[in-house]
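See structure below.
Start at 1 and go down the list; that is how both ligands and their atoms are numbered. These numbers were taken from a predicted model, which means no experiment stands behind them.
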Amino acid sequence: MVEQKSLSNNSDAVISEINVARILYQARVQQAAIKQLSKNGIALSRSEAYAVQEAGITMRVKDNERLVGLKMGLTSEGKRKQMNLDSPLYGELTDKMQIDNNSNLDISKLIHPKIEPEIAFLISKPLAGNVTQQQVLEACSGVSACMEILDSRYEQFKYFSMEDVIADNSSSSHFVAGPWISDFKHIDLKNLNMKMAIDGQIVQKGQSSEISGDPVNSVIELCRLLAERGRILEAGMIVLAGAATAAVELKSKQKITLQVDSLPIVQISIL
Ligand code: 0L1
Ligand code: MG
């Protein structure tokens, strides 16, 4: 249960993290984009923004959704520049956000969806605080090619602050992971070509080194950020390491495929 707290920076003293989470929740379920919080008199600190994110996830859990993972975002310099934001962030993933490989996604209930190519990890031992690459690799039981479908509950998919994005669960909407590879120790995870195609035409090409220099570093950064909230990365969680390229706008009737060296293909069809 999230404690109801007043948010410090607001002139309206009655606004709480739960109220802000509710505004974002309603924007999502009603598919009605809202004005950015920071442009609407709701100036959150970083910690308050994560508290709003957590309150939003608590609401989804009350709707019978289950936490299955976390996503890192803004893990490439290019993407941070594109969005004019300054550091990596994370969001939380529920079972309702997970789409099966080779299945369909109905985007009619989303506001302004985009898709981006990622690499995902399946974590099978808990990781806490400052961890090393070796500890991450030892805790990881699978790696997959993965695509994240982003959506924003803000008008024009635009932010004016990191806190706007974090409060909105870091633009999470859905994700699709390809088949998990358990025998990945011989794969140089920072040196993989990634090609995302729409209807057979390549729309984005990148290198896995674009993801935090090495996607494993995203998991290290996630553990560090979770520790700031007094949390750990639990066993059983899927971690999306972040995108290797900019995201691409999604339209109905498209088939999106991601091919990553050494990993099986992942694909979805948009209804
Ligand atoms: O996963 C991401 O890198 C997205 C984080 C938020 C920025 C965006 O919405 O593109
Ligand atoms: Mg992403």
Presence of salt bridge, D199 and K255, under 4.0 angstrom: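 Between D199 and K255 there is no salt bridge, as every charged N stays at least 4.0 Å from the carboxylate O atoms.
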Provide the number and element of each atom of ligand 1 under 4.0 Å from a heavy atom of [X].
X: E116; value: 1 (O), 2 (C), 3 (O)
X: F157; value: 9 (O)
X: K79; value: 2 (C), 3 (O), 4 (C), 10 (O)
X: G73; value: 1 (O), 2 (C), 3 (O)
X: S171; value: 6 (C), 8 (C), 9 (O)

Checking [Y] against [X]: is there a side-chain donor and acceptor pair closer than 3.5 Å?
X: Y154; Y: S171; value: no
X: D63; Y: Y25; value: yes
X: Q133; Y: N217; value: yes
X: S76; Y: E210; value: no

Protein heavy-atom partner closest to [atom] - residue, atom, separation in Å:
atom: atom 6 (C) of ligand 1; value: V165 CG1, 3.5 Å
atom: atom 1 (O) of ligand 1; value: K71 NZ, 2.8 Å
atom: atom 9 (O) of ligand 1; value: Y159 OH, 2.2 Å
atom: atom 3 (O) of ligand 1; value: L74 N, 2.9 Å

Kindly indicate whether a cation-pi arrangement holds for K71 with Y90, taking the cut-offs as under 6.0 Å to the six-membered ring centre and within 45° of the axis.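 Pair K71/Y90 does not count as cation-pi.
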Do any nitrogen or oxygen atoms of S170 lie less than 3.5 angstrom from nitrogen or oxygen atoms of ligand 1?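 No; the residue has no nitrogen or oxygen that sits under 3.5 Å from a nitrogen or oxygen of the ligand.
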If I take atom CD1 from residue I42 and atom CD from residue E163, how far apart are they, to the nearest 0.5 angstrom?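 Rounded to the nearest 0.5 Å, the CD1-CD separation comes out at 13.0 Å.
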